[in-house]
Amino acid sequence: MRKAVEVSGVGPPLGSYSHAIVSAGSLVHVSGQIGLRPDGELAGEDVEAQARQAFRNLEAVLRSAGSGFDSVVKLTAYLTEAGQVAELARVRAEFISEPFPASTVVVVSALLDPAWLLEIEAVAAVPG
């Protein structure tokens, strides 16, 4: 059983995916979030600005699914440069606290749009 999550305050999906799917009523699988503001504009040209917006988007999607950062069990970040890890970690600390979720950081040669410096996806429990 899967249910797509409708999200206000986040730009529409840019392809054939949902922002999030709640599966079996207990987990939400959130599609990769990038640094686009709700108006569709990129939050900035640096990884810190894009990461902060990506986490805000992730937070909005989680809330819309009845969850939140305190229920994230798996977090995956894709970066276009290994040297961006420290900036990502600083921003991540603003949103994610202990107990920390299982996490993976992957460095890729590029994302769909060359202006995107990172993409972050999550799996979270849906309380209740």
Side-chain angles (χ1 to χ4, degrees):
M1 181 169 103
R2 298 182 315 163
K3 178 185 171 215
V5 176
E6 298 293 326
V7 182
S8 61
V10 175
L14 299 175
S16 57
Y17 65 92
S18 299
H19 280 298
I21 293 288
V22 175
S23 68
S26 62
L27 289 178
V28 58
H29 302 261
V30 182
S31 293
Q33 298 297 307
I34 57 175
L36 285 184
R37 299 185 313 243
D39 64 6
E41 295 296 320
L42 198 58
E45 295 180 9
D46 62 284
V47 73
E48 194 166 328
Q50 289 187 27
R52 191 165 284 108
Q53 185 62 51
F55 274 106
R56 286 181 187 132
N57 294 343
L58 184 58
E59 184 173 39
V61 174
L62 288 168
R63 278 192 195 152
S64 294
S67 190
F69 282 124
D70 58 339
S71 297
V72 170
V73 296
K74 176 69 168 116
L75 195 64
T76 304
Y78 301 90
L79 294 170
T80 57
E81 293 182 27
Q84 299 166 329
V85 172
E87 290 98 327
L88 172 62
R90 271 196 301 278
V91 174
R92 177 188 151 125
E94 297 173 19
F95 295 89
I96 305 293
S97 60
E98 293 188 48
F100 298 117
S103 298
T104 303
V105 176
V106 180
V107 178
V108 297
S109 61
L111 293 168
L112 184 61
D113 184 315
W116 301 350
L117 302 177
L118 82 161
E119 189 166 347
I120 305 167
E121 62 185 28
V123 177
V126 179

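Proximity of Leu42 to Gln50: side-chain heavy atoms (C-beta onward) are separated by under 4.5 Å at one or more points. Side chains of Phe95 and Glu59 form a contact here, defined as non-hydrogen atoms less than 4.5 Å apart. Side-chain atoms of Leu75 and Phe69, non-hydrogen and from C-beta on, never get closer than 4.5 Å to each other. Within the 4.5 Å cutoff, no side-chain heavy atoms of Leu88 are placed close to those of Val47.
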Pairs of donor and acceptor atoms involving the side chains of residues 96-105, under 3.5 Å and at least two apart or interchain, shall be tabulated with distances.
unit_1 : atom_1 : unit_2 : atom_2 : d
Ser103 : OG     : Arg92  : NH1    : 3.0
Ser103 : OG     : Arg92  : NH2    : 3.2
Ser103 : OG     : Pro101 : O      : 3.0
Thr104 : OG1    : Lys74  : NZ     : 2.5

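The 12-atom threshold is not exceeded at CZ of Arg63, counting heavy atoms of other residues, nucleotides or ligands nearer than 6.0 Å.
In terms of modelled atom types and a separation under 3.5 Å, the side chain of Gln53 and the main chain of Gly44 share no donor-acceptor contact.
Smallest separation of non-hydrogen atoms from His19 and Pro12: NE2-C, 3.9 Å. Taking both residues in full, the closest heavy atoms of Asp46 and Leu117 are given as C-CD1, 3.6 Å, listed atom of the first, atom of the second, then distance. Contact record, Pro127 with Gly66: CD-O, 3.4 Å, taken as the closest heavy-atom pair. Shortest non-hydrogen contact noted between Ser67 and Ala125 is OG-O, 2.5 Å. Shown here for Ala65 and Val126, the closest heavy-atom pair between the two residues is O-CG1, 3.6 Å. Nearest heavy-atom pair across Trp116 and Thr80 is O-CG2, 3.7 Å.
Considering Val107, Leu111, Leu118 as possible partners of Tyr78, the one that fulfils the side-chain contact (heavy atoms from CB on, under 4.5 Å) test is Leu111.
To the nearest 0.5 Å, atom CZ of residue Arg52 and atom CZ of residue Arg56 are 6.5 Å apart. Leu58 contributes atom CG, which lies 10.5 Å from atom OG of Ser31 (distance to the nearest 0.5 angstrom).
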